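What follows is a single structure, written as C-alpha cells, with notes after it.
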Amino acid sequence: MKNYKRYTVTSALPYANGPIHIGHLAGVYVPADIYCRYLRLRGRDVIFIGGSDEHGVPITIKARTEGVSPQQIVDRYHEMIKKSFENFGISFDIYSRTTHKIHYDTASEFFKKLHDKGDFIEKITEQYYDEEVKQFLADRYITGICPYCGNENAYGDQCEKCGTSLSATDLINPKSTLSGSKPVRKETKHWFLPLDNYEHWLRQWILEEHKEWKTNVYGQCKSWLDQGLQPRAVSRDLDWGVPVPLHDAEGKVLYVWFDAPIGYISATKELFENPKSQIPPCLPAGRNPKSDNWELYWKDKETRLVHFIGKDNIVFHCIIFPTMLKAEGSYILPDNVPANEFLNLEGDKISTSRNWAVWLHEYLAEFPGKQDVLRYALTANAPETKDNDFTWADFQARNNNELVAILGNFVNRAMVLTHKYFNGEVPELREETSYEKLIYEESNKIKKNIEHSLENYRFREALKEAMDLARLGNKYLADTEPWKVFERDPERVKTILNVALQISANLSTLIEPFLPFTAEKLRNILNIDKISWEQAAEVNPLKEGHLLNKPELLFNKIEDEAIKTQIDKLFATKKTNELVGAISNPQKPDVSYEDFSKMDIRVGVILTAEKVAKTKKLLKLTIDTGIDKRTVVSGIAEYYKPEEIIGKRVVILVNLQPREIKGIKSQGMILMAENADGSLCFVSPEKDFRNGSEIK
RNA sequence: GGCGUGGUAGCUCAGCUGGUUAGAGCACAUGAUUCAUAAUCAUGAGGUCGGCGGUUCAAGCCCGCCUCACGCUACCA
C-alpha cells in the first residue's frame, strides 16, 4: 500500500432540512470519526471535513410551507446538527456550510474554470415559467392533474397519489404553486457535464485501478458504467443556490449536487484561512494539519483523499465528483470511498418523514454522558457489508454485556485490587513469568490487528479487537488470581497488578478512536496523560509508585425501564403513523354531471392475461367489454397472477384515450380500489350482470 | 424486467487465489471462582454454509436455474 504524507477525510454533508439520526451516524460520521481519531493518534497529518449541505429544492419547499426564508431553515438545522455533532464527539477539523461566501466563491470559480475550458455542453430545453413571479419553476413547484390517476394535486415530478413519477409537462392544467397562475412553456439554457466523455477514463480508474474498493461500491460503479453514462445537468432554474457565474445566466444556480461536493474544498479553504477560531471544542489537543496551505490537501499526489458516505451517494462520489475533479485538472482523486449500507430501526427503514428514527439530539438529551455507548453500539453493528438493524435490546445488551461486563469491569477490578493491596500506587514489576511475556505479545498483536482493520476500513472488526485486550485482561486476572495469591506471595501480586494496570493504560489508547469519552475518563482514573499510539503496548506506560485516582466506574448498567421508554416512544410513533394512514384523502372539487357522464364505464370480463415482458408491474389483458374484445395494459402484476384472474368480472373505463405502453396499445383502464398501503383490488358488480352494462 | 450487493450457529458477523473434523463475539447450558456493576474464567451444546442441479479427486467458496432482502435502473395504470 502506498505511503501517503497526509490525509483529507470528508464525510457526506448532511442535508440541512432535518436533524441527524442514528442512520447517518452509523453509516458515515462514526466510522469517519474513528478513522480520523486513529490517524491523529498515530501522528499522521490529517484534516477531517464536514459541513451542512444547504441548497436544493427541498429546502425551498420546506421554507415555503413554513412561511420562512430558506436561510432561516438552514440556519436552524445547521446549528442543531453542528451542536449535536460536537456533543457527540465527531471530531471535525471544521464543520462548515455551503451558504458561506467562501463556498460561493469556490464553487463559482470551479464552474467557471470548467466552462472556460469548454468542458460543458449547453442545451436549451422547454420548461415551465411563471410570468407573474418571473421565475422558472422546478418540477416540485408545479401542480396539476395527474394524467394517470386524475389526482388534482399531483406534483410536477411525482404524483403522490399513484406514485407515478412525472415530468412537469405531462400534467393537465398545470398551476404554479408560487403564484397560482398558469405557467407558460419557455426555453431555458442549461449546462451539462458530459459524463459519457469520461466513461473510458472512469472504467480504467475504477474498474482497473481500484479493485480494492468495497464490493458494494465497486459493483455499483460497474453497474452504472455498464449502463452507459449520460450528460448530466449541473445547473437549475432556481433562486436558492450558487448563481451560475456567467453573464447570460440570470436566475440560474448550480445544481445542488454540483456545488455540494465542492463544499469539501471550500470548507478546507475556510479551515486554513482562520485555523485558530475554527478549532471545535471536541477536537483532541493533538490536532493535526501540519501545513498552512490548503492546496496540499487537495492537489498533492501524496495526499490520500477519502470520502465517507452512505450507499445512496455512491454515484456522486465515485462517478460525478471525480469527473468534475478530473475535468478541472489540478485536483487529486479519492483514493477510497468507503460507503456503508443502511441502518434499519427495530425492523423498519429509518424515515425522517414518518419520524421513524432515533434522533441524535434527543438521544444526547435522554442519555446524557452516554455518547460512547451509542458510538459502541453503532460501530459494533455498523452496516458495513449489508443493511443492519438497530434495536434497543441490542443497544442495552452491548452496554451491559460488553461495555460494563468486559471493559468497565476489567478496569474496575485492576483499580480496586490495587487500592486494596497497595493504596492506589502502581506496584513494582518484579519477576516476570512466561505468562507476562505472553500478555505483552498478545497486547502487541491486538494493536497490530486494530491497525490492520482500521487501515482497511473494517471498523466493526477493529472494535472487537480492541475489546479483546479487555478480555485478555480479565483472563489474566482470572488465571493469576491475585486475591488468592496475596496472602502467601504479595511480591507476585505486585507484578500481576502492575501488568493489569499497564493493560488498562494501553486500553486507554486503543479504545480512543472508538470511545473517546471513555478513554479520557480512563486516563483520569489512571491519572495519566495521553499515550501515543506508537508507545501503546510497546513499553509499559505506568511508572512504579505512580499514584492512581479513586476507582470510578466507566459504564453503568442500563436498566430495562430506560429501554422500555424508548420502545414505547417508537410504538407511539408507529401508532401515529397508522392513524395518519387511516385518514382518507379529502374530497376532490365538485364536477358537473355533464363531466361525469362523459366517462363511459362498463362491466367487462377478463378473457386472457399475461405478464408484459421485462416489466415488474404490468399485465396485458384482453377484456370482453360487451362492445368489443380489446387489449388493456394494467399495472397490477404485483397483486394478481395472470392465471388467477381469467374470467374475473371487472369495471373498465372504455373511452379513456388509448395509450401505448411498452409497445402495446392499451385501450381503456381497469378501475381498481387502492388501500392505504398502495395495494390494489378489483371493483366488480355485485351481481352477474352482462358484459357491456353501463355504470352511471 | 435489467444490473449490483447480500442470504454461513438463536442474534451480529469472519471465512484469503476451492483442499484436513466450517470459525468469532453476544445469547444459552454446565463447571470453576468471588477481586469486580451476579460481573469474570473454562468447557460444552448449537450449522444439510437460502434452495435445486452441475463442474471437480475435492465447493460455503466455481458454473446454471430458482428464491428472499436491500439498492440502482427501466416500465408503470
Side-chain angles (χ1 to χ4, degrees), chain A residues 146-150 159 162-166 214-228 310-312 314-315 339 341-342 344 349 380-389 391 393-394 397-398 400-421 453 458 460-461 463-465 467-468 470-471 473-486 493 496-497 500 551 553-557 611-619 621 632-638 653 656 659 661-664 666 668-672 674 680:
Chain A
C146 172
Y148 303 112
C149 72
C159 171
C162 64
T164 307
S165 53
L166 301 170
K214 288 175 65 171
T215 49
N216 59 339
V217 176
Y218 186 90
Q220 179 74 79
C221 289
K222 186 165 189 311
S223 177
W224 274 86
L225 290 168
D226 287 348
Q227 279 173 39
K311 68 173 160 184
D312 52 330
I314 290 173
V315 63
E341 303 281 309
F342 287 152
N344 293 326
K349 271 185 218 190
N381 192 25
E384 283 178 13
T385 53
K386 61 167 193 185
D387 290 1
N388 274 348
D389 195 24
T391 65
D394 179 72
R398 297 274 181 202
N400 293 357
N401 303 332
E402 300 180 30
L403 290 176
V404 171
I406 296 169
L407 176 55
N409 184 39
F410 166 67
V411 170
N412 192 237
R413 295 171 82 185
M415 288 295 295
V416 168
L417 286 168
T418 305
H419 276 273
K420 182 167 175 182
Y421 297 136
S453 297
R458 293 203 290 259
R460 211 170 40 201
E461 184 178 87
L463 177 61
K464 196 207 129 225
E465 284 155 354
M467 290 297 284
D468 282 343
R471 288 191 184 92
N474 275 319
K475 181 168 166 51
Y476 177 67
L477 287 182
D479 288 345
T480 55
E481 298 181 306
W483 51 91
K484 268 191 186 169
V485 173
F486 189 74
V493 173
I496 294 170
L497 289 184
L553 296 177
L554 290 179
F555 301 99
N556 292 297
K557 285 205 157 191
K611 194 119 194 268
V612 179
K614 298 185 178 183
T615 67
K616 193 159 64 181
K617 299 182 180 176
L618 300 185
L619 291 186
L621 310 173
V632 174
V633 175
S634 187
I636 55 175
E638 289 173 299
L653 176 63
L656 182 70
R659 187 185 164 99
I661 297 161
K662 270 283 171 185
I664 303 162
S666 178
M669 175 166 143
I670 311 289
L671 302 190
M672 309 292 294
E674 187 187 28
L680 301 172

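Note that the coordinates shown come from a computational prediction; the quantities given were computed from them, not determined experimentally. The analysis underlying the following values was restricted to heavy atoms, covering all of them including side chains, and did not include hydrogens, waters or symmetry mates.
- As judged by a 4.0 angstrom heavy-atom cut-off over every strand, A:I406 is placed among residues touching the sugar-phosphate backbone only.
- The phosphate of B:U12 has neither OP1 nor OP2 within less than 4.0 Å of any side-chain N or O from A:T385.
- Summary of the strand contacts: A:R458 and A:V416 both lie near RNA chain B, and taking for each the nucleotide with the nearest heavy atom, the more 5' one is attributed to A:R458.
- Between B:G71, B:U37, B:C35, one nucleotide has an atom nearer to the side chain of A:K420 than all others, and that is B:C35.
- When both pairing distances are held under 3.5 Å, B:A36 makes no Watson-Crick or G-U pair with any nucleotide shown.
- If you check the side chains of A:N474 and A:R413, you find a donor sitting under 3.5 Å from an acceptor.
- In summary, A:E341 and A:K386 do not engage in a salt bridge, as defined by a charged side-chain N under 4.0 Å from a carboxylate O.
- Side-chain atoms of A:N474 lie closest to B:U40 of the nucleotides B:U73, B:U40, B:C35.
- Each of B:C26, B:C35, B:U40 was ranked by its minimum atom distance to the side chain of A:L417; first place goes to B:C35.
- Between B:G7 and A:K386, no contact under 4.0 Å exists linking OP1 or OP2 to a side-chain N or O.
- Among B:C76, B:C35, B:U37, the nucleotide with an atom closest to any side-chain atom of A:I661 is B:C76.
- For A:D387, taking side-chain heavy atoms from C-beta onward, the closest of the listed nucleotides B:C70, B:U37, B:C72 is B:C70.
- Remark: A:T215 is not in phosphate contact with B:G4, judged by side-chain N or O atoms under 4.0 Å from OP1 or OP2.
- Using a 4.0 Å heavy-atom distance criterion, A:F555 is classed as a base contact.
- One finds no salt bridge joining A:K349 and A:D387 here, because no Lys/Arg side-chain nitrogen approaches an Asp/Glu carboxylate oxygen to under 4.0 Å.
- Residue A:D479 places its side chain closer to B:C41 than to any other of B:C41, B:C76, B:C35.
- Heavy atoms of A:G219 sit under 4.0 angstrom from primed sugar atoms or phosphate atoms, though from no base atom.
- A distance of about 12 Å separates the P atoms of B:A24 and B:A45, rounded to the whole Å.
- Taking the P atoms as reference points, B:G51 lies 23 Å from B:G2, given to the whole Å.
- Using atom C1' as the reference point in both B:A9 and B:C65, the two lie 28 Å apart (nearest Å).
- Rounded to the nearest Å, the gap between the P atom of B:G6 and that of B:U33 is 48 Å.
- Checking B:A36, B:A77, B:A39 against every side-chain atom of A:R413, the shortest atom distance belongs to B:A36.
- Proximity note for A:E481 (side chain, C-beta onward) versus B:C76, B:U40, B:U33: the nearest is B:U33.
- Taking side-chain N and O atoms only, A:R460 has a distance below 4.0 Å to OP1 or OP2 of B:A14.
- Taking the side chain of A:Q227 as heavy atoms from C-beta on, and the options B:A77, B:C72, B:G71, the nearest nucleotide is B:C72.
- Regarding contacts with the backbone of B:A69, every side-chain N or O of A:K349 stays at 4.0 angstrom or more from both OP1 and OP2.
- For B:A27, the OP1/OP2 oxygens have a side-chain nitrogen or oxygen of A:N401 closer than 4.0 Å.
- With B:G25, B:A77, B:C35 as the candidates, the nucleotide lying closest to the side chain of A:K464 is B:G25.
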